[in-house]
Protein chains: 2
Amino acid sequence: MDYSTAKRINQLLTTVYGDIVRVEELALRKSQFKDISIKEVHAVDAISMYEHKTTSEVARELRITPGTLTTMVNHLVRKDYVQRIRSDDDRRFVRLGLTHRGRLIYRAHASFHRQMVESFAKDMDDEQLQIIEKALLNLEAFLEFASPTPNK
Amino acid sequence: MDYSTAKRINQLLTTVYGDIVRVEELALRKSQFKDISIKEVHAVDAISMYEHKTTSEVARELRITPGTLTTMVNHLVRKDYVQRIRSDDDRRFVRLGLTHRGRLIYRAHASFHRQMVESFAKDMDDEQLQIIEKALLNLEAFLEFASPTPNK
DNA sequence: TCATTTAGTTTCGACCTCAAAATAATAGCA
DNA sequence: TGCTATTATTTTGAGGTCGAAACTAAATGA
């Protein structure tokens with residue numbers, strides 16, 4: 001790979017995420033959901049619609065500590081996006097679910113990502129999509145090699 | 001594009017950045033540069049080796065306010081990564097440069113990114129690289145469309 | 001000279017995060 | 001059963017990152 005291509009791809013890779021977050025944040029400010037941050041939306045996304053995961057499960061998925069998630073959930077409950085459901089079988093567990101309002105923003109966020117991926121892969125055939133997926137998997141493998149994830 | 005492919009690519013896109021940051025942060029902790037955060041390294045990267053950009057220029061590049069950069073530069077100066085250089089022609093401008101220590105970490109960071117991009121594009125020919133670049137540019141175009149950048 | 005503009009800095013408050021201690025519930029075992 | 005250890009979550013305290021707005025210093029220009 002020649003030097004300038006490497007540089008351009010590196011540039012794109014490093015700016016793209018920040019741009020996604022910036023656009024999402026801006027969209028929120030203009031929507032009916034002005035009282036929620038992008039981090040909080042990601043928590044809503046991880047909590048998801050039907051599964052009622054526990055606090056620890058969601059925290060692991062978001063790669064944050066349970067303590068951090070607890071305060072986040074406190075805010076999301078107060079703002080009526082999330083509800084806590086105590087397990088009856090083992091009352092130490094807290095299961096998390098979305099309220100009506102939470103489901104609304106969950107769908108809006110999912111829709112944004114759907115559009116985003118579609119535009120990303122615009123005009124591409126299956127073979128080309130495979131190349132892209134391969135590249136992303138290469139990258140994940142490199143990162144995994146550079147610093148193995150503590151599995152669970 | 002079929003549903004499961006879209007889902008996998010979305011998953012990869014959304015986790016990859018967090019993984020990059022996590023790996024970079026971990027590498028710093030294990031290196032000789034334990035007193036610098038990944039955000040600060042990105043500031044060092046934006047300040048770069050030879051140009052002596054002004055505070056505002058660097059802030060714009062990092063998409064943060066000049067005020068935020070000022071406090072960041074305060075820390076980086078105290079930790080001997082960055083130096084302030086007052087312009088003689090117009091004494092309002094502060095030009096930023098790297099110290100010896102700053103240049104060391106600049107090169108370490110650049111090297112990490114070089115390795116990363118190389119592994120990303122492993123085994124790919126020019127045509128395949130073009131497809132990837134095209135996809136990333138598609139994504140940037142979508143984001144630009146979703147929320148135009150205030151050009152300067 | 002004096003108002004305006006420009007570059008940078010300071011201050012304040014908001015948000016996100018973790019580590020460690022505290023709390024609550026359950027499981028295991030003598 | 002009663003005690004201990006373990007597990008899940010919450011609370012507390014502190015630090016990093018960030019922007020908005022007020023402020024300072026320097027240059028410009030009428």
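Keep in mind that this is a model prediction, so the values were computed, not measured. Here is the naming used below: chain letters follow the sequence lines, and residue numbers restart at 1 for every chain.
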* To do: Rounded to the nearest angstrom, tell me the gap between atom CG in A:Leu96 and atom C1' in D:dT9.
  => 11 Å
* Side-chain N or O of B:Thr68 closer than 4.0 Å to phosphate OP1/OP2 of D:dC18 -> no
* Give the rounded distance in Å between these two atoms: CD1 of B:Ile38 and C1' of D:dT17. => 14 Å
* Apply the test salt bridge (charged side-chain N to carboxylate O under 4.0 Å, His left out) to residues B:Glu51 and B:Arg95: give CA-CA distance (whole Å), side-chain angles for both, the deciding distance (0.1 Å), then the verdict. => CA-CA 9 Å; B:Glu51 300 178 60; B:Arg95 301 195 168 273; over 6 Å; no
* Does B:Arg92 make a side-chain donor-acceptor contact with the base of C:dT6, cut-off 3.5 Å? -> yes
* To do: Using a cut-off of strictly less than 4.0 Å, decide whether A:Arg91 has a side-chain nitrogen or oxygen near OP1 or OP2 of C:dA25.
  => yes
* **Backbone N/O of A:Tyr81 and side chain of A:Thr99: donor-acceptor pair under 3.5 Å** => yes
* To do: Tell me what B:Thr55 touches on the nucleic acid: a base, only sugar-phosphate, or nothing, going by heavy atoms under 4.0 Å.
  => sugar-phosphate
* With a 4.0 Å cut-off, would you call B:Asp45 and B:Arg107 a salt bridge? -> no
* How do A:Asp88 and B:Leu69 order along DNA chain C: which one's closest nucleotide is nearer the 5' end? -> B:Leu69
* Measure the distance from CZ on B:Arg22 to P on C:dT17 and round it to the nearest whole Å. => 15 Å
* With a non-hydrogen cut-off below 4.0 angstrom, is A:Arg84 in contact with a base, only sugar-phosphate, or nothing? -> sugar-phosphate
* Structure fact -> Here the distance between atom P of C:dT6 and atom CZ of B:Arg86, to the nearest Å, is 18 Å
* Asked: Closer than 4.0 Å, any side-chain N/O of B:Ser56 to the OP1 or OP2 of C:dG8?
  -> yes
* Asked: Under the 3.5 angstrom rule, does the side chain of B:Ser31 hit a backbone N or O of B:Phe33 as a donor-acceptor pair?
  -> yes
* Report the nucleotide, chosen from D:dT10, D:dC18, D:dT17, that has the shortest atom-to-atom distance to any side-chain atom of B:Glu40. => D:dT17
* To do: Would you kindly give the CD1-to-P distance between B:Ile36 and D:dG16, to the nearest whole Å?
  => 13 Å
* **Between P of C:dG8 and CG of B:Asn74, the distance in whole Å** => 13 Å
* Check the distance between C:dC16's P and A:His42's NE2 and give it to me in whole angstrom. => 12 Å
* Asked: Would you say C:dC15 has OP1 or OP2 under 4.0 Å from some side-chain N or O of A:Ser37?
  -> no
* Asked: In whole angstroms, how far is the C1' atom of D:dA8 from the CG atom of A:Asp90?
  -> 8 Å
* **Donor-acceptor pair, side chain of A:Lys34 and main chain of A:Arg29, under 3.5 angstrom** => yes
